Amino acid sequence: PVDFSGTWVLESNDNFEDYMKILNIDLVTRKVAVQLSQTKVIIQDENKLTIKTLSTFRNYEISLTIGEEFDECTKGLDNRKLKTLVSWEGDTLVCTQKGEKANRGWKHWIEGDKLHMELYCEDVVCRQVFIRK
Ligand code: RET
């Protein structure tokens, strides 16, 4: 499978504000977060994955096993409890986050030297592109 390991720096972030809004993230946090540069540090080892979202304001980290559902608490984001499952769909990593919000999840894939992410919740899609550092 594809190896997502590496350090990736945010290049574009479309609709992040609406994504945060649909998650009920408060105005002050949104105003700060939308301006931030984000760095993803991904460590992929066989079917284990650690994804760190780093910024000067706050960090968010998850570790998981691909194909195994786990309890995710989005601490520092919207602080919800989710049942999260990440699996492969071809070369794309697909995540479903079951919880209070419908149609919540994300997709990650690589095109050239760029990491593409779609974060979705209800009818909102945020598209992020990262460039390899
Ligand atoms: C930041 C800054 C503080 C406020 C918010 C943030 C949003 C982080 C998000 C992370 C998503 C991570 C994913 C990881 C899995 O691959 C930048 C930490 C709201 C939305 C999808």
Side-chain angles (χ1 to χ4, degrees):
V2 188
D3 191 358
F4 286 81
S5 296
T7 300
W8 305 87
V9 180
L10 187 66
E11 185 182 79
S12 63
N13 195 2
D14 294 340
N15 232 14
F16 189 47
E17 170 79 10
D18 285 338
Y19 175 76
M20 290 189 286
K21 250 189 212 165
I22 204 87
L23 293 178
N24 314 108
I25 290 173
D26 68 88
L27 179 78
V28 173
T29 303
R30 289 204 312 269
K31 292 298 157 203
V32 176
V34 82
Q35 302 290 339
L36 290 173
S37 178
Q38 298 179 27
T39 300
K40 295 274 176 196
V41 176
I42 303 181
I43 302 158
Q44 185 183 332
D45 180 16
E46 306 263 307
N47 56 346
K48 302 254 193 273
L49 204 57
T50 296
I51 302 174
K52 300 178 190 182
T53 304
L54 307 177
S55 77
T56 52
F57 173 56
R58 207 175 281 163
N59 301 324
Y60 184 69
E61 178 173 335
I62 51 171
S63 290
L64 59 98
T65 303
I66 296 168
E68 284 181 16
E69 190 178 74
F70 66 100
D71 294 310
E72 180 176 9
C73 174
T74 56
K75 197 170 179 295
L77 308 184
D78 60 317
N79 299 301
R80 285 193 172 89
K81 292 204 166 104
L82 309 167
K83 295 278 181 199
T84 300
L85 175 65
V86 176
S87 40
W88 290 107
E89 270 179 23
D91 288 340
T92 300
L93 274 176
V94 179
C95 172
T96 54
Q97 297 171 308
K98 277 188 282 172
E100 192 187 328
K101 295 280 182 182
N103 189 39
R104 181 169 181 177
W106 49 255
K107 286 185 184 176
H108 292 3
W109 70 95
I110 290 174
E111 274 175 38
D113 59 353
K114 297 196 176 169
L115 169 67
H116 291 253
M117 308 197 21
E118 267 179 19
L119 312 179
Y120 40 88
C121 180
E122 297 183 349
D123 59 347
V124 173
V125 184
C126 166
R127 292 192 172 80
Q128 301 184 327
V129 180
F130 295 78
I131 182 139
R132 201 185 270 282
K133 197 175 170 181

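These figures come from a predicted structure and were not determined experimentally. Counting starts at 1 for both ligands and their atoms, in listed order. Residue numbers run from 1 in the order of the sequence given.
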Original post:
Of all residues at least two apart in sequence or in a different chain, which pass the side chain to side chain donor-acceptor pair (under 3.5 Å) check with E61?
Top reply: none
Original post:
Hey, is the main chain of T29 close enough, under 3.5 Å, to the side chain of D26 for a donor-acceptor pair?
Top reply: yes
Subject >> Exam field: side chain D14 to backbone R127, donor-acceptor pair closer than 3.5 Å >> reply: no
For ligand 1, run through the N/O pairs with the protein that fall under 3.5 Å and put one pair on each line.
unit_1	atom_1	unit_2	atom_2	d
ligand 1	16 (O)	H108	NE2	2.7

**OP:** Could you tell me the separation between the CZ atom of F4 and the CD1 atom of I43, rounded to the nearest 0.5 Å?
**Re:** 15.0 Å
Original post:
More than 12 heavy atoms of other residues, nucleotides or ligands under 6.0 Å from NZ of K101: is that the case?
Top reply: yes
Subject >> Parallel, tilted or perpendicular, as decided by the 30° and 60° cut-offs, for the rings of W109 and H116 >> reply: parallel
